Amino acid sequence: MYELFCEDFNLDYTLDCGQVFRWDKPGDWWVGVVKGSVVRLQQDKVTGKVLVDSSLPKEFLEHYFRFDDDLDDILRRVNRDVFMDEAISKYRGLRLIRQDPWECLISYMLATAWSIPNIKRGISLLSARYGKKIGDGYYSFPEPETLAGLCDGELRDCKLGFRSGRIVKAARHVMGGNLVLDELFSADYREARQRLMFLEGIGEKVADCILLFAFGKMEAFPVDTHVEKVVRYYYGSHEFFNGSVTKSKIGDWGRMYFGEYCGYAQQYFFYQKRLEGLV
DNA sequence: GCCCAGGCATTTT
DNA sequence: AAAATGCATGGG
């Protein structure tokens, strides 16, 4: 048991905003599976200190929660107008998380045309069946080797639908060295995105999620159905779109409009839209 | 029954 | 280049 602290850090917003799928808050504590172990966290509302019950070292969680980001500076940079200003003032303290690349890759491939509760259920079922038991109903995320060895018929038993075949193929690409995930850290955003999009089932949106949430590419601007609606509604008349607002152009617009940390802006909008709808 | 969900791939206009 | 459609599954 130890304590974590960082200025501008809100644990609830960070874990509830829909970027990560292996955390739940059944009571006063957040419980999650990270790096093959169960982690329990509780934040003191007054002091902001986070109580940690985990075998993971403090340094790991500080890295995981991106305490190295100067959030005040980042939010100042993306705060371009009254819409973003409102999202920031409501949800300040939401930090992006450094997820594990392999788990993030598979998770966002599963996210295709699924609601967040469905995604969480799918990952949970996949882990329960093909991960390692790490105590009392918790299971680690399956290894690439395990999933690569399956036929997609077996995976379909996990109710993954049309996603099953894609998952097995992706696992085989990773196992075979066709896609070396660690290389994407040093590749620039465009190059990394192109490499991810070679996989069946990874388009612009899924690639952007993986690049933002696992590889820290802040210029990724994932355009899902929520972000698309927000941008159409508030910014659709901008000269940039020249009358036609497509998902691909929305991504380019986000990069242009919010700048090098647009990924953060996207996540604040996404969370606000999910909670409040289009006000 | 309908429509939608952190879409993608393919076909049709 | 934009729009329509099929794809599995679960929830409102």
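Fair warning: this is a prediction, and the values are worked out from it, not measured in the lab. Reminder, nothing fancy here: chain letters follow the sequence lines and each chain counts from 1.
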* Asked: What distance, rounded to whole Å, do you find between the two P atoms, one in C/dA8 and one in B/dT11?
  -> 16 Å

* To do: Give a yes/no on whether any side-chain N or O of A/Lys229 is located under 4.0 angstrom from OP1 or OP2 of B/dA5.
  => yes

* Let me know the distance between NE2 of A/His226 and C1' of B/dC4, rounded to the nearest Å. => 9 Å

* To do: Specify the separation, in whole Å, of atom CE of A/Met197 and atom C1' of B/dT10.
  => 15 Å

* Does a nitrogen or oxygen in the side chain of A/Ser115 sit under 4.0 Å from OP1 or OP2 of C/dT9? -> no

* What is the distance, rounded to the nearest whole Å, between atom CG of A/Leu110 and atom P of B/dC8? -> 13 Å

* What does A/Phe213 touch in the nucleic acid at a heavy-atom separation under 4.0 angstrom: a base, only the sugar-phosphate, or nothing? -> base

* Hey, does A/Ile210 reach any base, or is it just sugar-phosphate, or nothing, if we go heavy atoms under 4.0 Å? -> nothing

* Taking the side chain of A/Lys159 as its heavy atoms from C-beta onward, which of C/dA2, B/dG7, C/dG10 lies nearest to it? -> C/dG10

* **Whole-Å distance separating the CD atom of A/Glu200 from the P atom of B/dT10** => 7 Å

* Considering just the side-chain nitrogens and oxygens of A/Thr225, establish if one lies under 4.0 Å of OP1 or OP2 belonging to B/dA5. => yes

* Can you check the A/Met109 CE to C/dT9 P distance for me, whole Å? -> 17 Å

* To do: May I ask you to say what A/Gln19 touches in the nucleic acid, namely base, sugar-phosphate or nothing, with a heavy-atom cut-off under 4.0 Å?
  => base

* Proximal nucleotide (of C/dA8, C/dA2, B/dG6) relative to the A/Ser244 side chain -> C/dA2

* To do: Determine the contact category for A/Ala113: base if any of its heavy atoms lies under 4.0 Å from a base atom, sugar-phosphate if only primed atoms, P, OP1 or OP2 are that close, otherwise nothing.
  => base

* Structure fact -> Whole-Å distance, A/Arg163 CZ to B/dA5 P, equals 14 Å

* **Nucleotide B/dG6, atom P - distance to CD1 of A/Ile106 in whole Å** => 19 Å

* Determine whether any donor atom in the side chain of A/Gln267 lies under 3.5 Å from an acceptor atom in the base of B/dG6, or the reverse, and answer yes or no. => yes

* Structure fact -> Closest to the 5' end of DNA chain B, once A/Tyr108 and A/Gly201 are matched to their nearest nucleotides, is A/Tyr108

* salt_bridge(A/Asp8, A/Arg92) N-O dist < 4.0 Å -> yes

* For A/Trp114 and B/dA5, are the ring centres under 5.5 Å apart with planes inclined under 30°? -> no

* NA contact type, A/Ile202, heavy-atom cut-off 4.0 Å: base, sugar-phosphate, or nothing? -> sugar-phosphate

* Between B/dC8, C/dA8, C/dG11, spot the one nearest the side chain of A/Arg121, thanks. => C/dG11

* Strictly under 6.0 Å, is that where the ring centroids of A/Phe198 and A/His173 end up? -> no

* Will you find, in the side chains of A/Tyr2 and A/Asp53, an N or O donor that is under 3.5 Å from an N or O acceptor? -> no

* Protein-nucleotide distance (A/Leu196, atom CG; B/dA9, atom C1'), rounded to Å -> 17 Å

* To do: State yes or no: are the ring centers of A/Phe60 and A/His63 separated by less than 6.0 Å?
  => no

* To do: For the residue pair A/Tyr108 and A/Phe21, categorise the inter-ring angle as parallel (less than 30°), tilted (30 to 60°) or perpendicular (more than 60°).
  => tilted

* Could you check whether A/Gly18 gets within reach of a base, just the sugar-phosphate, or nothing at all, counting any heavy atom under 4.0 Å? => base

* Between A/Tyr268 and A/Tyr91, is the gap from one ring center to the other below 6.0 Å? -> no

* For atom P, what is the distance between C/dA4 and B/dG6, given to the nearest Å? -> 23 Å

* Using a strict 4.0 Å threshold on nitrogen-to-oxygen distance, state whether A/Asp68 and A/Arg98 make a salt bridge. => yes

* Asked: Using atom C1' of each nucleotide, how far apart are B/dA9 and C/dG10 to the nearest Å?
  -> 23 Å

* Expressed in whole Å, how much space separates the P atoms belonging to B/dC3 and C/dT5? -> 12 Å

